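Because the structure is a prediction, the values reported are computed rather than measured.
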Amino acid sequence: MDTMNIFDYMRSTNMEKEAPLAARMRPRTLEEVVGQEHIIGPDKLLYRAIKADKISSVIFYGPPGTGKTTLAKVIANTTDAWFTQLNATVAGKKDMEEVVGKARDNQGMYGKRTILFIDEIHRFNKGQQDYLLPFVEDGTLILVGATTENPYFEVNGALLSRSLLFELKPLSVEAVRQLIKRAVYDSDRGMGIYNAVIEEDALEFLADISGGDARNVLNAVELGILTTGRGEDGRIHITLDVAQECIQKRAVRYDKSGDSHYDTISAFIKSMRGSDPDAAVYYLARMLRAGESVTFIARRIMICASEDVGNADPEALAVAVNASLAVERVGMPEAQIILSQAVSYVACAPKSNAACQAVFQAMETVDRTGNLPIPSHLQDSHYKGAAKLGRGTGYKFAHDYPGNYVEQQYLPYELTGKEFYTPSGNGYEARIREHMQRLKQQVREASK
(Lines give C-alpha, C1' and ligand atoms only; values in the text may rest on other atoms or scores of the structure.)
Protein backbone atom coordinates (compact mmCIF):
# COMPACT_ATOMS: atom_id res chain seq x y z
CA MET A 1 0.00 0.00 0.00
CA ASP A 2 1.16 3.59 -0.57
CA THR A 3 2.82 5.27 2.43
CA MET A 4 1.62 8.60 3.83
CA ASN A 5 3.83 11.19 5.50
CA ILE A 6 2.79 13.03 8.67
CA PHE A 7 1.70 16.16 6.77
CA ASP A 8 -0.52 14.17 4.41
CA TYR A 9 -1.98 12.37 7.42
CA MET A 10 -2.76 15.62 9.27
CA ARG A 11 -4.28 17.15 6.15
CA SER A 12 -6.50 14.10 5.49
CA THR A 13 -7.54 13.94 9.15
CA ASN A 14 -8.58 17.60 9.19
CA MET A 15 -10.44 17.20 5.88
CA GLU A 16 -12.34 14.25 7.32
CA LYS A 17 -13.38 16.27 10.37
CA GLU A 18 -14.55 19.13 8.17
CA ALA A 19 -16.44 16.87 5.76
CA PRO A 20 -20.27 16.90 5.81
CA LEU A 21 -21.90 14.52 8.28
CA ALA A 22 -23.17 12.24 5.50
CA ALA A 23 -19.60 11.79 4.25
CA ARG A 24 -18.14 11.25 7.75
CA MET A 25 -20.80 8.67 8.61
CA ARG A 26 -20.23 6.65 5.46
CA PRO A 27 -19.54 3.05 6.51
CA ARG A 28 -15.99 1.83 6.13
CA THR A 29 -16.66 -1.89 6.49
CA LEU A 30 -19.44 -4.24 5.48
CA GLU A 31 -20.39 -4.65 9.13
CA GLU A 32 -21.16 -0.92 9.39
CA VAL A 33 -23.49 -0.88 6.36
CA VAL A 34 -27.18 -0.54 7.23
CA GLY A 35 -29.83 -1.93 4.88
CA GLN A 36 -29.46 -3.54 1.42
CA GLU A 37 -29.48 -7.00 2.99
CA HIS A 38 -30.83 -8.40 -0.30
CA ILE A 39 -27.39 -7.91 -1.88
CA ILE A 40 -24.93 -7.71 1.05
CA GLY A 41 -26.41 -10.14 3.52
CA PRO A 42 -23.71 -12.53 4.84
CA ASP A 43 -24.94 -15.29 2.53
CA LYS A 44 -25.08 -13.13 -0.60
CA LEU A 45 -22.66 -13.18 -3.54
CA LEU A 46 -21.53 -9.55 -3.23
CA TYR A 47 -20.81 -9.89 0.49
CA ARG A 48 -18.69 -12.99 -0.09
CA ALA A 49 -16.87 -11.42 -3.04
CA ILE A 50 -15.94 -8.28 -1.09
CA LYS A 51 -14.86 -10.28 1.97
CA ALA A 52 -12.69 -12.57 -0.16
CA ASP A 53 -11.30 -9.62 -2.17
CA LYS A 54 -12.48 -11.34 -5.35
CA ILE A 55 -14.69 -8.57 -6.70
CA SER A 56 -15.39 -8.58 -10.43
CA SER A 57 -16.78 -5.70 -12.48
CA VAL A 58 -20.08 -4.52 -10.98
CA ILE A 59 -22.61 -1.77 -11.52
CA PHE A 60 -24.65 -0.40 -8.61
CA TYR A 61 -28.02 1.00 -9.64
CA GLY A 62 -30.47 2.77 -7.35
CA PRO A 63 -31.95 6.06 -6.12
CA PRO A 64 -29.80 8.77 -4.48
CA GLY A 65 -28.68 8.17 -0.91
CA THR A 66 -29.07 4.39 -0.93
CA GLY A 67 -25.39 3.47 -0.59
CA LYS A 68 -23.88 3.10 -4.07
CA THR A 69 -20.80 5.19 -3.27
CA THR A 70 -20.72 3.67 0.21
CA LEU A 71 -20.33 0.17 -1.21
CA ALA A 72 -17.58 1.42 -3.50
CA LYS A 73 -15.74 2.90 -0.48
CA VAL A 74 -16.18 -0.36 1.44
CA ILE A 75 -14.59 -2.19 -1.48
CA ALA A 76 -11.75 0.37 -1.45
CA ASN A 77 -11.17 -0.21 2.27
CA THR A 78 -11.30 -4.01 1.90
CA THR A 79 -9.29 -4.73 -1.24
CA ASP A 80 -5.55 -5.08 -1.73
CA ALA A 81 -5.99 -3.85 -5.30
CA TRP A 82 -5.15 -0.29 -6.33
CA PHE A 83 -8.43 1.61 -6.03
CA THR A 84 -9.06 4.83 -7.92
CA GLN A 85 -12.14 6.76 -8.91
CA LEU A 86 -13.48 9.12 -11.57
CA ASN A 87 -16.63 11.18 -11.64
CA ALA A 88 -18.27 10.89 -15.04
CA THR A 89 -19.57 14.46 -14.89
CA VAL A 90 -16.05 15.92 -15.13
CA ALA A 91 -13.72 13.12 -16.29
CA GLY A 92 -12.47 13.04 -19.87
CA LYS A 93 -10.58 10.61 -22.07
CA LYS A 94 -7.22 11.89 -20.81
CA ASP A 95 -8.20 10.99 -17.24
CA MET A 96 -9.15 7.48 -18.35
CA GLU A 97 -5.88 7.07 -20.28
CA GLU A 98 -3.92 7.97 -17.13
CA VAL A 99 -5.84 5.39 -15.09
CA VAL A 100 -5.29 2.71 -17.74
CA GLY A 101 -1.58 3.53 -17.89
CA LYS A 102 -1.19 3.24 -14.12
CA ALA A 103 -3.26 0.03 -14.12
CA ARG A 104 -0.95 -1.54 -16.71
CA ASP A 105 2.10 -0.54 -14.65
CA ASN A 106 0.60 -2.00 -11.47
CA GLN A 107 -0.33 -5.20 -13.27
CA GLY A 108 2.98 -5.62 -15.08
CA MET A 109 5.43 -4.55 -12.37
CA TYR A 110 3.66 -5.55 -9.16
CA GLY A 111 0.99 -8.04 -10.21
CA LYS A 112 -1.53 -5.72 -8.60
CA ARG A 113 -5.13 -5.42 -9.80
CA THR A 114 -6.82 -2.05 -10.40
CA ILE A 115 -10.37 -1.21 -9.39
CA LEU A 116 -11.83 1.85 -11.09
CA PHE A 117 -14.90 3.37 -9.49
CA ILE A 118 -16.91 5.60 -11.83
CA ASP A 119 -19.62 7.62 -10.12
CA GLU A 120 -22.62 8.57 -12.30
CA ILE A 121 -21.38 6.30 -15.08
CA HIS A 122 -24.53 7.07 -17.09
CA ARG A 123 -23.00 10.49 -17.76
CA PHE A 124 -20.30 8.93 -19.92
CA ASN A 125 -21.18 9.07 -23.60
CA LYS A 126 -21.04 5.99 -25.83
CA GLY A 127 -17.50 6.76 -26.98
CA GLN A 128 -16.20 7.04 -23.41
CA GLN A 129 -17.89 3.79 -22.42
CA ASP A 130 -16.55 2.05 -25.53
CA TYR A 131 -13.01 3.16 -24.59
CA LEU A 132 -13.27 1.29 -21.26
CA LEU A 133 -14.61 -1.94 -22.77
CA PRO A 134 -11.37 -3.67 -23.90
CA PHE A 135 -9.65 -2.91 -20.59
CA VAL A 136 -12.55 -4.35 -18.61
CA GLU A 137 -12.63 -7.33 -20.93
CA ASP A 138 -8.92 -8.18 -20.60
CA GLY A 139 -8.85 -7.60 -16.84
CA THR A 140 -6.70 -4.46 -16.88
CA LEU A 141 -9.54 -2.72 -15.04
CA ILE A 142 -12.16 -4.00 -12.64
CA LEU A 143 -15.04 -1.59 -13.10
CA VAL A 144 -17.28 -0.47 -10.26
CA GLY A 145 -19.96 1.82 -11.69
CA ALA A 146 -22.71 3.72 -9.88
CA THR A 147 -25.82 5.15 -11.50
CA THR A 148 -29.24 6.47 -10.56
CA GLU A 149 -30.51 5.72 -14.07
CA ASN A 150 -31.66 2.36 -15.40
CA PRO A 151 -28.40 0.87 -16.74
CA TYR A 152 -30.27 -1.05 -19.44
CA PHE A 153 -31.05 2.34 -20.99
CA GLU A 154 -27.92 4.27 -20.12
CA VAL A 155 -24.95 1.87 -20.08
CA ASN A 156 -23.28 0.29 -23.12
CA GLY A 157 -24.76 -3.19 -23.58
CA ALA A 158 -21.35 -4.80 -24.05
CA LEU A 159 -20.05 -3.17 -20.86
CA LEU A 160 -23.19 -4.21 -18.99
CA SER A 161 -22.87 -7.81 -20.15
CA ARG A 162 -19.38 -7.98 -18.63
CA SER A 163 -20.53 -6.67 -15.25
CA LEU A 164 -22.72 -7.93 -12.44
CA LEU A 165 -25.68 -5.63 -11.84
CA PHE A 166 -26.86 -4.95 -8.28
CA GLU A 167 -29.97 -2.86 -7.67
CA LEU A 168 -30.06 -0.91 -4.42
CA LYS A 169 -33.44 -0.16 -2.87
CA PRO A 170 -34.52 2.90 -0.86
CA LEU A 171 -33.57 2.28 2.77
CA SER A 172 -36.32 1.08 5.07
CA VAL A 173 -37.71 3.41 7.73
CA GLU A 174 -36.08 1.28 10.41
CA ALA A 175 -32.70 1.46 8.67
CA VAL A 176 -32.93 5.25 8.42
CA ARG A 177 -33.91 5.46 12.12
CA GLN A 178 -30.77 3.53 12.96
CA LEU A 179 -28.59 5.85 10.86
CA ILE A 180 -30.11 8.98 12.40
CA LYS A 181 -29.50 7.77 15.95
CA ARG A 182 -25.96 6.78 15.06
CA ALA A 183 -25.35 10.23 13.54
CA VAL A 184 -26.74 12.13 16.56
CA TYR A 185 -25.01 10.17 19.30
CA ASP A 186 -21.77 8.90 17.74
CA SER A 187 -18.87 10.96 19.13
CA ASP A 188 -16.23 9.61 16.75
CA ARG A 189 -17.61 10.52 13.30
CA GLY A 190 -21.09 11.76 14.18
CA MET A 191 -22.44 14.75 16.10
CA GLY A 192 -22.09 13.22 19.56
CA ILE A 193 -19.64 15.88 20.76
CA TYR A 194 -22.41 18.49 20.45
CA ASN A 195 -24.39 16.82 23.25
CA ALA A 196 -27.58 16.76 21.21
CA VAL A 197 -30.73 14.70 21.64
CA ILE A 198 -33.39 13.95 19.07
CA GLU A 199 -36.97 13.65 20.25
CA GLU A 200 -38.93 10.55 19.28
CA ASP A 201 -41.52 12.32 17.10
CA ALA A 202 -38.74 14.14 15.23
CA LEU A 203 -36.90 10.86 14.71
CA GLU A 204 -40.05 9.18 13.40
CA PHE A 205 -40.81 12.12 11.10
CA LEU A 206 -37.32 12.26 9.57
CA ALA A 207 -37.15 8.49 9.08
CA ASP A 208 -40.58 8.45 7.46
CA ILE A 209 -40.13 11.52 5.25
CA SER A 210 -36.65 10.53 4.03
CA GLY A 211 -37.96 8.30 1.26
CA GLY A 212 -35.06 5.97 1.95
CA ASP A 213 -32.45 8.66 1.12
CA ALA A 214 -29.82 8.51 3.87
CA ARG A 215 -27.76 11.43 2.58
CA ASN A 216 -30.70 13.84 2.56
CA VAL A 217 -31.79 13.02 6.09
CA LEU A 218 -28.25 13.15 7.52
CA ASN A 219 -27.79 16.60 5.99
CA ALA A 220 -30.97 17.67 7.82
CA VAL A 221 -29.71 16.24 11.12
CA GLU A 222 -26.40 18.07 10.75
CA LEU A 223 -28.12 21.35 9.90
CA GLY A 224 -30.46 20.97 12.86
CA ILE A 225 -27.68 20.40 15.37
CA LEU A 226 -25.44 23.18 14.02
CA THR A 227 -28.19 25.82 13.95
CA THR A 228 -30.18 25.06 17.11
CA GLY A 229 -29.39 26.75 20.41
CA ARG A 230 -28.93 24.82 23.63
CA GLY A 231 -31.79 24.35 26.05
CA GLU A 232 -31.73 25.07 29.76
CA ASP A 233 -30.27 21.64 30.39
CA GLY A 234 -27.30 22.51 28.17
CA ARG A 235 -28.32 20.08 25.44
CA ILE A 236 -29.39 20.70 21.86
CA HIS A 237 -32.90 19.35 21.36
CA ILE A 238 -33.93 18.27 17.86
CA THR A 239 -37.69 18.67 18.08
CA LEU A 240 -40.31 18.01 15.44
CA ASP A 241 -40.37 21.74 14.59
CA VAL A 242 -36.59 21.76 14.11
CA ALA A 243 -36.73 18.63 11.96
CA GLN A 244 -39.47 20.09 9.75
CA GLU A 245 -37.53 23.30 9.27
CA CYS A 246 -34.28 21.53 8.39
CA ILE A 247 -35.74 19.17 5.82
CA GLN A 248 -38.21 21.80 4.50
CA LYS A 249 -41.22 19.52 4.76
CA ARG A 250 -44.19 19.66 7.07
CA ALA A 251 -45.27 16.72 9.18
CA VAL A 252 -48.54 15.32 7.94
CA ARG A 253 -50.64 13.21 10.26
CA TYR A 254 -50.33 10.03 8.27
CA ASP A 255 -49.60 6.72 9.94
CA LYS A 256 -48.92 4.29 7.11
CA SER A 257 -50.18 1.39 9.22
CA GLY A 258 -53.11 3.18 10.82
CA ASP A 259 -56.48 4.82 10.11
CA SER A 260 -55.05 7.99 8.56
CA HIS A 261 -53.35 5.98 5.83
CA TYR A 262 -56.50 4.09 4.92
CA ASP A 263 -58.69 7.19 5.15
CA THR A 264 -56.42 9.10 2.79
CA ILE A 265 -56.11 6.37 0.18
CA SER A 266 -59.88 5.79 0.41
CA ALA A 267 -60.58 9.47 -0.24
CA PHE A 268 -58.05 9.43 -3.08
CA ILE A 269 -59.71 6.51 -4.86
CA LYS A 270 -63.26 7.78 -4.27
CA SER A 271 -62.30 11.19 -5.66
CA MET A 272 -60.99 9.62 -8.89
CA ARG A 273 -64.07 7.41 -9.11
CA GLY A 274 -66.28 10.44 -8.49
CA SER A 275 -64.66 12.42 -11.34
CA ASP A 276 -63.24 15.13 -9.07
CA PRO A 277 -59.68 15.76 -10.31
CA ASP A 278 -59.11 18.60 -7.81
CA ALA A 279 -59.80 16.42 -4.79
CA ALA A 280 -57.88 13.49 -6.29
CA VAL A 281 -54.75 15.61 -6.85
CA TYR A 282 -55.10 17.09 -3.35
CA TYR A 283 -55.06 13.64 -1.74
CA LEU A 284 -52.19 12.68 -4.02
CA ALA A 285 -50.24 15.66 -2.66
CA ARG A 286 -51.02 14.66 0.94
CA MET A 287 -49.70 11.16 0.35
CA LEU A 288 -46.56 12.43 -1.38
CA ARG A 289 -45.85 14.91 1.40
CA ALA A 290 -46.24 12.12 3.93
CA GLY A 291 -43.67 10.00 2.13
CA GLU A 292 -46.03 7.42 0.69
CA SER A 293 -44.42 5.04 -1.78
CA VAL A 294 -44.91 6.26 -5.37
CA THR A 295 -45.19 2.65 -6.53
CA PHE A 296 -48.06 2.07 -4.09
CA ILE A 297 -49.86 5.16 -5.39
CA ALA A 298 -49.27 4.07 -8.99
CA ARG A 299 -50.81 0.66 -8.26
CA ARG A 300 -53.96 2.28 -6.89
CA ILE A 301 -54.28 4.44 -10.02
CA MET A 302 -53.97 1.37 -12.26
CA ILE A 303 -56.66 -0.45 -10.30
CA CYS A 304 -59.01 2.55 -10.47
CA ALA A 305 -58.40 2.90 -14.21
CA SER A 306 -59.65 -0.63 -14.76
CA GLU A 307 -62.22 -0.96 -11.99
CA ASP A 308 -63.95 2.42 -12.30
CA VAL A 309 -63.16 3.63 -15.84
CA GLY A 310 -62.89 0.34 -17.67
CA ASN A 311 -63.98 0.31 -21.28
CA ALA A 312 -65.61 3.71 -21.04
CA ASP A 313 -62.08 4.93 -21.80
CA PRO A 314 -59.62 2.08 -22.49
CA GLU A 315 -56.78 4.62 -22.69
CA ALA A 316 -57.06 5.25 -18.94
CA LEU A 317 -55.41 1.93 -18.12
CA ALA A 318 -52.67 2.58 -20.68
CA VAL A 319 -51.98 5.99 -19.10
CA ALA A 320 -51.94 4.47 -15.60
CA VAL A 321 -49.62 1.59 -16.55
CA ASN A 322 -47.20 3.89 -18.36
CA ALA A 323 -47.22 6.24 -15.38
CA SER A 324 -46.34 3.33 -13.11
CA LEU A 325 -43.38 2.38 -15.31
CA ALA A 326 -42.25 5.99 -15.60
CA VAL A 327 -42.22 6.75 -11.86
CA GLU A 328 -40.07 3.69 -11.21
CA ARG A 329 -37.51 4.93 -13.71
CA VAL A 330 -37.64 8.64 -12.88
CA GLY A 331 -38.15 8.65 -9.10
CA MET A 332 -38.99 11.66 -6.96
CA PRO A 333 -39.41 14.57 -7.20
CA GLU A 334 -40.30 14.39 -10.92
CA ALA A 335 -42.50 11.34 -10.31
CA GLN A 336 -45.09 13.61 -8.71
CA ILE A 337 -45.72 15.24 -12.11
CA ILE A 338 -46.27 11.89 -13.79
CA LEU A 339 -48.61 10.74 -11.02
CA SER A 340 -50.58 13.98 -11.25
CA GLN A 341 -51.05 13.50 -14.99
CA ALA A 342 -52.32 9.95 -14.49
CA VAL A 343 -54.60 10.91 -11.59
CA SER A 344 -56.18 13.84 -13.41
CA TYR A 345 -56.71 11.72 -16.54
CA VAL A 346 -58.38 8.88 -14.66
CA ALA A 347 -60.50 11.29 -12.62
CA CYS A 348 -61.74 13.10 -15.74
CA ALA A 349 -62.35 9.97 -17.81
CA PRO A 350 -65.91 8.68 -18.40
CA LYS A 351 -66.71 5.97 -15.90
CA SER A 352 -68.01 2.42 -16.13
CA ASN A 353 -67.59 -0.52 -13.80
CA ALA A 354 -69.30 -2.92 -16.24
CA ALA A 355 -66.11 -4.94 -16.84
CA CYS A 356 -65.50 -5.13 -13.09
CA GLN A 357 -69.06 -6.29 -12.39
CA ALA A 358 -68.85 -8.80 -15.24
CA VAL A 359 -66.00 -10.75 -13.68
CA PHE A 360 -67.55 -10.58 -10.19
CA GLN A 361 -70.82 -12.01 -11.51
CA ALA A 362 -68.99 -14.64 -13.55
CA MET A 363 -66.96 -15.69 -10.49
CA GLU A 364 -70.14 -15.97 -8.44
CA THR A 365 -71.71 -18.13 -11.15
CA VAL A 366 -68.64 -20.39 -11.30
CA ASP A 367 -68.70 -20.77 -7.50
CA ARG A 368 -72.41 -21.63 -7.59
CA THR A 369 -72.54 -23.94 -10.62
CA GLY A 370 -69.08 -25.48 -10.67
CA ASN A 371 -67.31 -26.65 -13.83
CA LEU A 372 -70.19 -26.99 -16.27
CA PRO A 373 -69.49 -28.96 -19.47
CA ILE A 374 -67.98 -26.87 -22.26
CA PRO A 375 -69.95 -27.21 -25.53
CA SER A 376 -68.28 -29.93 -27.61
CA HIS A 377 -67.86 -27.71 -30.69
CA LEU A 378 -65.63 -25.37 -28.63
CA GLN A 379 -63.40 -28.10 -27.27
CA ASP A 380 -59.87 -28.70 -28.54
CA SER A 381 -59.71 -30.77 -31.69
CA HIS A 382 -55.97 -30.66 -32.35
CA TYR A 383 -55.19 -34.26 -31.47
CA LYS A 384 -55.70 -37.69 -32.97
CA GLY A 385 -59.10 -39.17 -32.27
CA ALA A 386 -60.74 -35.84 -31.35
CA ALA A 387 -63.23 -36.14 -34.20
CA LYS A 388 -64.35 -39.57 -33.02
CA LEU A 389 -65.18 -37.99 -29.67
CA GLY A 390 -67.06 -35.15 -31.33
CA ARG A 391 -64.53 -32.57 -30.18
CA GLY A 392 -64.66 -29.40 -32.26
CA THR A 393 -67.32 -30.78 -34.58
CA GLY A 394 -69.74 -28.12 -35.79
CA TYR A 395 -67.60 -25.15 -34.76
CA LYS A 396 -68.27 -22.04 -36.88
CA PHE A 397 -65.17 -19.92 -37.65
CA ALA A 398 -66.30 -16.31 -37.10
CA HIS A 399 -64.10 -14.84 -39.82
CA ASP A 400 -65.94 -16.87 -42.45
CA TYR A 401 -69.15 -14.92 -41.85
CA PRO A 402 -70.33 -11.38 -42.64
CA GLY A 403 -69.08 -8.83 -40.14
CA ASN A 404 -66.75 -11.53 -38.70
CA TYR A 405 -69.60 -12.68 -36.49
CA VAL A 406 -71.78 -15.77 -36.28
CA GLU A 407 -74.20 -16.80 -33.61
CA GLN A 408 -73.43 -20.05 -31.85
CA GLN A 409 -73.43 -21.42 -28.31
CA TYR A 410 -70.34 -20.25 -26.41
CA LEU A 411 -71.48 -20.51 -22.79
CA PRO A 412 -72.22 -23.91 -21.30
CA TYR A 413 -75.74 -24.92 -22.34
CA GLU A 414 -76.92 -24.63 -18.73
CA LEU A 415 -76.12 -20.87 -18.87
CA THR A 416 -77.77 -20.15 -22.23
CA GLY A 417 -78.83 -16.52 -22.42
CA LYS A 418 -76.86 -15.50 -19.31
CA GLU A 419 -75.25 -12.02 -19.57
CA PHE A 420 -72.30 -10.89 -17.50
CA TYR A 421 -70.94 -7.86 -19.37
CA THR A 422 -73.45 -5.10 -20.01
CA PRO A 423 -71.73 -2.08 -21.58
CA SER A 424 -72.84 1.26 -20.21
CA GLY A 425 -73.75 4.27 -22.33
CA ASN A 426 -70.64 6.18 -21.18
CA GLY A 427 -67.68 7.13 -23.34
CA TYR A 428 -66.27 4.48 -25.63
CA GLU A 429 -68.47 1.85 -24.01
CA ALA A 430 -71.46 3.39 -25.76
CA ARG A 431 -69.80 2.44 -29.06
CA ILE A 432 -69.19 -1.08 -27.76
CA ARG A 433 -72.86 -1.42 -26.83
CA GLU A 434 -73.99 -0.15 -30.23
CA HIS A 435 -71.61 -2.57 -31.96
CA MET A 436 -72.92 -5.57 -30.02
CA GLN A 437 -76.53 -4.55 -30.66
CA ARG A 438 -75.72 -4.27 -34.37
CA LEU A 439 -74.30 -7.81 -34.46
CA LYS A 440 -77.36 -9.24 -32.76
CA GLN A 441 -79.66 -7.32 -35.10
CA GLN A 442 -77.73 -8.77 -38.03
CA VAL A 443 -78.44 -12.30 -36.79
CA ARG A 444 -82.12 -11.57 -36.26
CA GLU A 445 -82.49 -10.22 -39.78
CA ALA A 446 -80.64 -13.18 -41.26
CA SER A 447 -82.96 -15.63 -39.52
CA LYS A 448 -86.16 -14.06 -41.01
Side-chain angles (χ1 to χ4, degrees), residues 269 272-275 298-326 341-342 345-448:
I269 293 166
M272 284 192 291
R273 180 185 299 143
S275 299
R299 284 197 301 271
R300 302 314 306 180
I301 300 171
M302 286 189 287
I303 293 168
C304 186
S306 186
E307 180 180 359
D308 297 307
V309 177
N311 290 328
D313 184 353
E315 280 297 311
L317 183 58
V319 169
V321 170
N322 282 322
S324 176
L325 296 173
Q341 178 185 352
Y345 188 98
V346 171
C348 294
K351 302 297 189 293
S352 171
N353 69 342
C356 176
Q357 290 302 311
V359 72
F360 289 162
Q361 292 176 33
M363 294 288 283
E364 187 275 330
T365 299
V366 170
D367 291 340
R368 179 167 44 80
T369 61
N371 291 331
L372 296 172
I374 295 171
S376 60
H377 59 276
L378 298 183
Q379 294 180 20
D380 181 31
S381 61
H382 295 86
Y383 59 93
K384 189 176 181 180
K388 292 181 181 180
L389 297 173
R391 303 294 192 261
T393 302
Y395 171 64
K396 299 174 183 177
F397 188 59
H399 298 295
D400 290 340
Y401 296 84
N404 305 84
Y405 177 77
V406 61
E407 189 175 44
Q408 63 185 323
Q409 185 69 31
Y410 290 101
L411 280 170
Y413 286 102
E414 293 84 349
L415 299 178
T416 300
K418 180 70 174 174
E419 292 185 356
F420 296 109
Y421 178 54
T422 306
S424 71
N426 298 333
Y428 186 78
E429 213 161 39
R431 295 175 61 183
I432 294 175
R433 184 172 66 176
E434 291 170 6
H435 172 69
M436 296 306 295
Q437 288 173 345
R438 218 170 20 248
L439 293 178
K440 292 175 182 178
Q441 180 64 28
Q442 173 183 312
V443 171
R444 283 195 294 269
E445 290 176 356
S447 62
K448 289 180 180 179

Side chains of E315 and Y345 in contact at under 4.5 Å (non-hydrogen atoms):
yes
Under the rule for side chain to side chain contact (heavy atoms under 4.5 Å, CB included), what residues qualify as partners of S275, not counting sequence neighbours?
K351
From M436 CE over to E429 CD, what is the distance, rounded to the nearest 0.5 angstrom?
12.0 Å
Testing the basics here: between A354 and T422, what is the closest heavy-atom pair and its distance to 0.1 Å?
CB-O, 3.4 Å
Counting only heavy atoms not in L325 (residues, nucleotides, ligands), do more than 12 fall under 6.0 Å from its CG?
yes
Output the distance between atom CG (N311) and atom CZ (R433), rounded to the nearest 0.5 Å.
13.5 Å
Tell me the closest heavy-atom pair linking V309 and P350, and the distance in Å.
CG1-O, 3.4 Å
Looking at every non-hydrogen atom in both residues, tell me the closest pair between M272 and R300 and how far apart they are.
CE-O, 4.4 Å
Holding to ring-ring contact (aromatic ring centres under 6.0 Å, His included), I want the full list of residues that pass it with F397, two or more places apart in sequence or in another chain.
H399
Check the surroundings of atom CG in N371: do more than 12 heavy atoms from other residues, nucleotides or ligands lie under 6.0 Å from it?
no
Would you tabulate the side-chain donor-acceptor contacts of residues 409-418 under 3.5 Å, counting partners in other chains and residues two or more places apart, or write 'none'?
unit_1: Q409; atom_1: NE2; unit_2: L411; atom_2: O; d: 2.9
unit_1: Q409; atom_1: NE2; unit_2: T416; atom_2: OG1; d: 3.2
unit_1: Y410; atom_1: OH; unit_2: Q408; atom_2: NE2; d: 2.7
unit_1: T416; atom_1: OG1; unit_2: Y413; atom_2: O; d: 2.7

Which residues share a side chain to side chain contact (heavy atoms under 4.5 Å, CB included) with R273, sequence neighbours left out
I269, K270, E307, D308
Non-hydrogen side-chain atoms of H435 and Y405 separated by less than 4.5 Å:
no
Less than 3.5 Å apart, which donor and acceptor atoms pair up between the side chains of residues 357-365 and the rest of the protein, not counting sequence neighbours?
unit_1: E364; atom_1: OE2; unit_2: R368; atom_2: NE; d: 3.2
unit_1: T365; atom_1: OG1; unit_2: Q361; atom_2: O; d: 3.0

For A305, the side chain to side chain contact (heavy atoms under 4.5 Å, CB included) test, sequence neighbours excluded, returns A316, L317, A320, V346
